[in-house]
Amino acid sequence: MCRWLAYTGEPVFLDELICKPEHSLVAQSLCAVEAKTPTNGDGFGIGWYGERAEPGLYREVLPAWNDQNLASLAHQIRSGLFFAHVRASTGTSSSRPNCHPFASGRWLFMHNGQIGGYLRLRRRLEALIPDALYDRREGTTDSEILFLMLLAEGLETDPLGALARTLAKVTEVMATAGVTQPLRFTSALTDGRSIYALRYASDDRPPSLYWRSGDAGGSGKAVSIVSEPLEEPETWQALPAGEVLLVGPDRQIRFEALDLHAWAAE
């Protein structure tokens with residue numbers, strides 16, 4: 001399983017979260033403590049917003065702990081909203097197109113989890129992606145399929161509904177194929193203004209996800225969302241399973257329970 005972080009708040013240099021904390025994302029790439037596997041060395045990526053509407057994106061196949069370019073970029077780039085992800089492959093190749101975050105227009109998406117029985121279901125799932133969006137597919141991961149399905153299900157105007165409809169359709173495909181492995185989906189989406197973070201699993205074992213409001217001084221000017229606490233675990237709150245954490249442009253926080261059947265029916 002992968003590890004990731006999302007940040008929105010007063011602009012900070014990326015290395016303040018990615019590299020410097022005691023249990024930073026780079027440290028987690030080498031030794032995660034709440035993941036299925038401790039090493040997340042199958043590539044990494046960062047996506048950040050600056051002065052343009054569309055995000056910058058840097059992805060590489062080297063392990064995060066062994067890429068000097070990442071350390072240099074993170075030390076120089078300052079952003080008020082950014083994503084970072086270290087990858088542990090669940091069966092697809094280590095390649096740049098398979099590294100998170102994924103981008104489309106102003107949107108960024110990253111994911112930790114997997115579609116149970118994905119290799120059996122891949123052709124069926126890809127068939128659910130409209131032709132206009134399928135042309136954007138670059139890699140081979142289930143995560144990228146999920147992102148393209150989200151776009152097809154109305155992400156631009158209805159993020160919560162798109163999440164529910166996408167997961168409902170994937171669950172239906174799994175059930176039809178007789179797949180008994182779980183769907184696990186701990187993810188973050190952003191349009192550069194708001195963040196939508198979801199912790200979900202079709203069984204009772206969703207991947208870990210934590211959040212914290214406030215900068216290092218507790219001033220409330222920032223919100224960080226992470227797979228594992230970066231330091232001082234007591235200052236982080238676990239996101240309950242089945243809930244979406246929404247952080248608006250004003251950094252106000254609210255929660256929504258994700259009811260696949262109710263949202264998907266709208």
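This chain uses plain numbering: 1 for the first residue, then up along the sequence. What you see is a predicted model, and the numbers here were worked out from it, not measured in a lab.
Here CH2 of Trp236 is found 12.0 Å from OG of Ser208. Values are rounded to the nearest 0.5 Å. Remark: Arg3 CZ to Thr186 OG1 distance equals 8.5 Å, nearest 0.5 Å.
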With side-chain contact (heavy atoms from CB on, under 4.5 Å) as the criterion, how do Trp107 and Glu156 come out once you've worked through the C-alpha distance, each side chain's angles and the decisive distance to 0.1 Å?
CA-CA 9 Å; Trp107 286 91; Glu156 290 279 352; 3.3 Å; yes
Determine, stepwise, if the pair Glu144 / Arg122 fulfils salt bridge (Lys or Arg N to Asp or Glu O under 4.0 Å).
CA-CA 11 Å; Glu144 188 183 19; Arg122 178 177 165 183; over 6 Å; no
Checking Val173 against Val179 for the side-chain contact (heavy atoms from CB on, under 4.5 Å) test, could you report, in this order, the C-alpha distance in whole Å, the side-chain angles of both residues, the deciding distance, and whether it holds?
CA-CA 9 Å; Val173 170; Val179 172; over 6 Å; no
Intermediate values then yes/no, salt bridge (Lys or Arg N to Asp or Glu O under 4.0 Å), Glu256 and Arg254:
CA-CA 7 Å; Glu256 292 278 357; Arg254 66 184 178 96; 2.6 Å; yes
Test side-chain contact (heavy atoms from CB on, under 4.5 Å) applied to Leu146 and Ile115, step by step:
CA-CA 9 Å; Leu146 289 165; Ile115 298 173; 4.0 Å; yes
Under the criterion side-chain contact (heavy atoms from CB on, under 4.5 Å), I'd like the reasoning laid out for His85 against Cys2: C-alpha separation, chi angles, the key distance, then a yes or no.
CA-CA 7 Å; His85 185 282; Cys2 310; 3.4 Å; yes
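A side-chain donor-acceptor contact under 3.5 Å links His111 and Ser143. Looking at Arg212 and Ser224, their side chains never bring a donor and an acceptor atom within 3.5 Å of each other. Donor-acceptor pairing under 3.5 Å is recorded for the side chains of Thr140 and Asn98.
The hydrophobic side chain of Val61 is isolated, with no ILVMFWY side chain under 4.5 Å apart from it.
Neither Leu5 nor Ile225 shares a network with the other; the hydrophobic side chains, linked directly or stepwise wherever heavy atoms of I, L, V, M, F, W or Y lie under 4.5 Å apart, form separate groups for each. By the rule that hydrophobic residues join a cluster once side-chain heavy atoms approach within less than 4.5 Å of another member, Leu17 and Leu30 end up as members of one cluster. At a threshold of 4.5 Å between side-chain heavy atoms, the hydrophobic network of Ile, Leu, Val, Met, Phe, Trp and Tyr places Leu209 and Leu108 in one connected group. Under the 4.5 Å side-chain heavy-atom criterion for ILVMFWY residues, a single connected hydrophobic cluster contains both Ile18 and Val226. Under a hydrophobic clustering in which Ile, Leu, Val, Met, Phe, Trp and Tyr are joined whenever their side-chain heavy atoms come within less than 4.5 Å, directly or via other members, Leu189 and Val170 fall into the same cluster.
Ion pairing between Lys20 and Glu231 fails under the 4.0 Å rule for side-chain N and carboxylate O. One finds no salt bridge joining Arg87 and Glu60 here, because no Lys/Arg side-chain nitrogen approaches an Asp/Glu carboxylate oxygen to under 4.0 Å. Between Glu153 and Lys169 there is a salt bridge, with a side-chain nitrogen of the basic residue lying less than 4.0 Å from a carboxylate oxygen of the acidic one. A salt bridge between Arg165 and Asp158 is present, with a side-chain N of the basic residue lying under 4.0 Å from a carboxylate O of the acidic one.
Considering every non-hydrogen atom in both Met149 and Ile129, the closest pair reads CG-CG1, 4.2 Å. Among all heavy-atom pairs drawn from Leu239 and Arg199, the shortest one is O-NH1, 2.8 Å. Looking at every heavy atom in both residues, Ala103 comes nearest to Leu57 through CB-CD2, 4.1 Å. In terms of heavy-atom proximity, Glu34 sits nearest to Glu228 at N-OE2, 2.8 Å. Here the closest non-hydrogen pair linking Pro101 and Gly45 is CD-C, 3.6 Å.
Identified under the ring pair (Phe, Tyr, Trp, His ring centres under 6.0 Å) test for residues 48-70, with sequence neighbours left out: Phe44-Tyr58.
With sequence neighbours excluded, the residues satisfying side chain to side chain contact (heavy atoms under 4.5 Å, CB included) with Arg136 are Ser104, Leu133, Leu148, Leu151. Residues forming a side chain to side chain contact (heavy atoms under 4.5 Å, CB included) with Pro249 (at least two apart in sequence, or on another chain): Arg193, Ser194. Under the ring pair (Phe, Tyr, Trp, His ring centres under 6.0 Å) criterion, Phe82 pairs with Tyr7, sequence neighbours left out. A search for side chain to side chain contact (heavy atoms under 4.5 Å, CB included) contacts involving Ala201 returns Arg184, Asp203, Pro206, not counting sequence neighbours.
Aromatic ring orientation, Phe102 versus His100: tilted (interplanar angle from 30° to 60°). Relative ring orientation between Phe147 and Phe109 is described as parallel, the plane-to-plane angle staying below 30° on a 0-90° scale split at 30° and 60°.
The shortest side-chain heavy-atom distance between Glu243 and Leu258 does not fall under the 4.5 Å cut-off.
Applying the 6.0 Å contact sphere to CD of Glu234 captures more than 12 heavy atoms from other residues, nucleotides or ligands.
Thr166 places no side-chain N or O within 3.5 Å of a backbone atom of Leu163 that could act as its donor or acceptor partner.
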